**Student:** 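The following block contains the structure, expressed as structure tokens.
Since the model is a prediction, treat every value here as computed from it, not as a measurement. A, B, ... follow the sequence lines: proteins, then strands. Residue 1 opens every chain. Hydrogens, waters and symmetry mates are skipped; everything else that's a heavy atom, side chains included, is used.
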Amino acid sequence: MTKPLITPATLKGFRDYLPAPAMAREAIMEVARRVYRSYGFSPIDTPALEYTEVLLGKGGEESDKQLFRFTDNGGRDVAMRFDLTVPFARFAAQHLNDIGVPFKRYHLAPVWRGENTQRGRYREFMQCDFDTIGTDSNAADIETLLVIHDLLSAIGFERFRIRINNRLVLNGLLEKLGLGDRASGVLRALDKLHKIGRDGVTAELCEKVQTTTDQAARVLDFAHLTGTPSEILSRLDGMLQGNATGELGVARLRELFSVASHAGIPPERVDLDVSIARGLDYYTGTIYETFLTDDPKIGSICSGGRYDNLAGLFTSQKLPGVGASLGLDRLLAAMESFGMIGQASTPAPVLVVSFDATRVAEYARLGRMLRQAGINTEVFPDSRAVGKQLKYADKKGFRIAVIAGEDEFAAGVWQVKDLKAGTQSRVAEADLPSHLNDILKPA
RNA sequence: GUGACUGUAGCUCAGUUGGUUAGAGCGCCAGAUUGUGGAUCUGGAGGUCGCGGGUUCAAGCCCCGUCAGUCACCCCA
């Protein structure tokens, strides 16, 4: 009588990571940590599960519907976080006395959304957030742009565009048009300009948002501004003249593009795009979206913006801030389609072949010696045929095999086989670390 | 959440108007090669046709449900 087998399966939108993609993911996380730390952001962590009331109502109705929500065994109404920003708001309010302001933190962690899946859209995915809270200064907005740029650049991307806008500009225009009360509907329609085009947006504005055709036309004229940031900004000066909100937005954008240029950000990587609005309701100032030139369909892979009052739900203390989030799993899906994920499934470049079963101690000792020299090394556990072990090394993506049998032990040397070059040489043990490093260095 | 398409070996796929033991390439395992991977040759293993029902003498193929993936909408990383 055999036990019925359980079908091994993962839930819709939840995925396993095999070694090669898992290593790519960890590598990106290490880059993100390094870049964030280089700007002085500190790590924090928060629980995956929160009281539902903490998460509800902050990201709008849509995110409420997407919550993984249930009653725990103690009868509490709980939910899994759907982003890292709302838990951060709770965290900031709760620990304000300890953290002080301004406060800069980064947070790399999975989040969960019960929405329909697609390539690059999962129900569990990793976000890499960084935020600066407790300051209104435009310097923080500018720094956010620099971080996004340095991050993508450090991951290895060259062809990407950061699209920037400022909600103050949009709000100023809407005030002038008498649409201030319908801002979110207008912004939502406008955000689709790149997708559904001018006529589509006009239709949505007139039908869903109930604007007049004249209002819709003026919104679209505005949204269709193209050119360099400074060209667009001069046009905006005229369009928003006399509106304090709009003028402030333009001034902040002007400073941002100017500083970015002085800081050496390549101009082809930053766009001023007055049509982007972001869905999330809590952004109030600068807005960022990042698209890969070679895979725009996968969506924004790093987005964020400025908000006036992060923690208003939790404290009367006003906490303005600005930040952004890298969508790690979405980025990884894009990298996979570019063939940017390596095929190696081992983090060790060196395999010590177990040639002679009576020399287990020698192989183990060598492995330790190489590790102490900073070279990741695996010792094959079984004394199988050398050919088998080399085949294993080849398949797993080891760069070097170190081999020794009776002859080598007698001569006091090791055979070093470069699996990629196909070359082999006899090396005295004392010279081994430097010899191996010479082979590994270019990679 | 709404709508559409797809699901056959580890992978990519073929499979006639429904018709007997479901095929190929690649990969995998073994051998040629008992001290050396990638190439070549020979042999071999591997399939509940996503899963569950239904129609039929007969279902990989038709119908319903379900799960998963993809695409669009919505939303967004």
**Student:** Given the P atoms of rU70(B) and rU34(B), what is the spacing between them in whole Å?
**Tutor:**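 The answer is 47 Å between these two P atoms.
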**Student:** Measure CD/Glu115(A) against P/rC75(B) and give the value in whole Å, please.
**Tutor:**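 To the nearest whole Å, that distance equals 11 Å.
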**Student:** Would you list the pairs meeting side chain to side chain donor-acceptor pair (under 3.5 Å) in which at least one residue belongs to residues 373-387 of chain A, sequence neighbours left out?
**Tutor:**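 As it turns out, the side chain to side chain donor-acceptor pair (under 3.5 Å) pairs with a partner in residues 373-387 of chain A, which skip direct neighbours, are Glu378(A)-Tyr392(A).
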**Student:** In whole angstrom, what separates Ile400(A)'s CD1 from rG37(B)'s C1'?
**Tutor:**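 Computing the Ile400(A):CD1 to rG37(B):C1' distance gives 15 Å.
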**Student:** Let me check something: any side-chain donor-acceptor pairs from residues 428-436 of chain A under 3.5 Å, sequence neighbours excluded? List them with distances.
**Tutor:**
{"from": "Glu429(A)", "atom 1": "OE1", "to": "Arg365(A)", "atom 2": "NH2", "distance (Å)": "3.1"}
{"from": "Glu429(A)", "atom 1": "OE1", "to": "Trp414(A)", "atom 2": "NE1", "distance (Å)": "2.9"}
{"from": "Glu429(A)", "atom 1": "OE2", "to": "Arg365(A)", "atom 2": "NH1", "distance (Å)": "2.6"}
{"from": "Glu429(A)", "atom 1": "OE2", "to": "Arg365(A)", "atom 2": "NH2", "distance (Å)": "3.3"}
{"from": "Ser434(A)", "atom 1": "OG", "to": "Asp431(A)", "atom 2": "O", "distance (Å)": "3.1"}
{"from": "His435(A)", "atom 1": "NE2", "to": "Ser425(A)", "atom 2": "OG", "distance (Å)": "3.4"}

**Student:** Output one line per pair: protein atom, nucleotide atom from nucleotides 70-73 of chain B, and distance, for all N/O pairs under 3.5 Å.
**Tutor:**
{"from": "rC71(B)", "atom 1": "OP2", "to": "Arg119(A)", "atom 2": "N", "distance (Å)": "2.7"}
{"from": "rA72(B)", "atom 1": "OP1", "to": "Lys297(A)", "atom 2": "NZ", "distance (Å)": "3.1"}
{"from": "rA72(B)", "atom 1": "OP2", "to": "Gln118(A)", "atom 2": "OE1", "distance (Å)": "3.1"}
{"from": "rA72(B)", "atom 1": "N7", "to": "Gln118(A)", "atom 2": "NE2", "distance (Å)": "3.4"}

**Student:** Please list every stem that involves RNA chain B, where a stem is a run of 3 or more consecutive Watson-Crick or G-U wobble pairs with both pairing distances under 3.5 Å.
**Tutor:**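 Output for stems: B:1-7 with B:67-73, B:10-13 with B:23-26, B:28-32 with B:40-44, B:50-54 with B:62-66.
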**Student:** Over 60° means perpendicular and under 30° means parallel, so classify the ring planes of Phe338(A) and Phe157(A), tilted if in between.
**Tutor:** perpendicular
**Student:** Rounded to whole angstroms, how far apart are CZ on Arg399(A) and P on rG38(B)?
**Tutor:**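 So the two atoms are 18 Å apart, to the nearest Å.
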**Student:** Nearest whole angstrom, please: distance from the C1' of rA77(B) to the CD1 of Ile28(A).
**Tutor:** 13 Å
**Student:** Are the ring centres of Phe130(A) and Tyr106(A) closer than 6.0 Å?
**Tutor:** no
**Student:** Evaluate Asp131(A) against Lys104(A) for salt bridge (Lys or Arg N to Asp or Glu O under 4.0 Å), listing each step before the verdict.
**Tutor:** CA-CA 6 Å; Asp131(A) 285 87; Lys104(A) 297 166 73 168; over 6 Å; no
**Student:** Checking all strands, does Gly114(A) fall into the base, sugar-phosphate, or nothing category for heavy-atom contacts under 4.0 angstrom?
**Tutor:** nothing
**Student:** Does Arg188(A) place a side-chain N or O at less than 4.0 Å from the phosphate oxygens OP1/OP2 of rC75(B)?
**Tutor:** yes
**Student:** What is the separation between atom CG on Asp394(A) and atom C1' on rG27(B), rounded to the nearest whole Å?
**Tutor:** 14 Å
**Student:** Which part of the nucleic acid does Gly13(A) contact within heavy-atom distance under 4.0 Å: base, sugar-phosphate only, or nothing?
**Tutor:**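 Counting heavy atoms under 4.0 Å across all strands, the contact made by Gly13(A) is with sugar-phosphate only.
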**Student:** Is Asp295(A) salt-bridged to Arg159(A), going by a charged N under 4.0 Å from an acidic O?
**Tutor:**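 Salt bridge between Asp295(A) and Arg159(A), a charged N being under 4.0 Å from a carboxylate O: no.
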**Student:** Please output the side-chain donor-acceptor pairs of residues 326-336 of chain A that fall under 3.5 Å, not counting sequence neighbours, one pair per line with the distance.
**Tutor:**
{"from": "Asp329(A)", "atom 1": "OD1", "to": "Arg15(A)", "atom 2": "NH2", "distance (Å)": "3.3"}
{"from": "Asp329(A)", "atom 1": "OD1", "to": "Tyr17(A)", "atom 2": "OH", "distance (Å)": "2.0"}
{"from": "Asp329(A)", "atom 1": "OD1", "to": "Arg25(A)", "atom 2": "NH1", "distance (Å)": "3.1"}
{"from": "Asp329(A)", "atom 1": "OD2", "to": "Met126(A)", "atom 2": "N", "distance (Å)": "2.4"}
{"from": "Arg330(A)", "atom 1": "NE", "to": "Gly120(A)", "atom 2": "O", "distance (Å)": "3.2"}
{"from": "Arg330(A)", "atom 1": "NE", "to": "Ile298(A)", "atom 2": "O", "distance (Å)": "3.3"}
{"from": "Arg330(A)", "atom 1": "NH1", "to": "Ser300(A)", "atom 2": "O", "distance (Å)": "3.1"}

**Student:** Could you tell me whether the side chains of Tyr282(A) and Asn309(A) share a donor-acceptor contact shorter than 3.5 Å?
**Tutor:** no
**Student:** Output a table of nitrogen or oxygen pairs between the protein and nucleotides 29-35 of chain B separated by less than 3.5 Å.
**Tutor:**
{"from": "rG35(B)", "atom 1": "O6", "to": "Asp407(A)", "atom 2": "N", "distance (Å)": "3.0"}
{"from": "rG35(B)", "atom 1": "O6", "to": "Asp407(A)", "atom 2": "OD1", "distance (Å)": "3.0"}
{"from": "rG35(B)", "atom 1": "O6", "to": "Asp407(A)", "atom 2": "OD2", "distance (Å)": "2.7"}
{"from": "rG35(B)", "atom 1": "N1", "to": "Glu408(A)", "atom 2": "OE1", "distance (Å)": "2.8"}
{"from": "rG35(B)", "atom 1": "N1", "to": "Glu408(A)", "atom 2": "OE2", "distance (Å)": "3.3"}
{"from": "rG35(B)", "atom 1": "N2", "to": "Glu408(A)", "atom 2": "OE1", "distance (Å)": "3.1"}
{"from": "rG35(B)", "atom 1": "N2", "to": "Glu408(A)", "atom 2": "OE2", "distance (Å)": "2.6"}

**Student:** Given Thr144(A), which of Asp141(A), Val147(A), Ile142(A), Ile148(A) fulfils the side-chain contact (heavy atoms from CB on, under 4.5 Å) condition?
**Tutor:** Ile148(A)
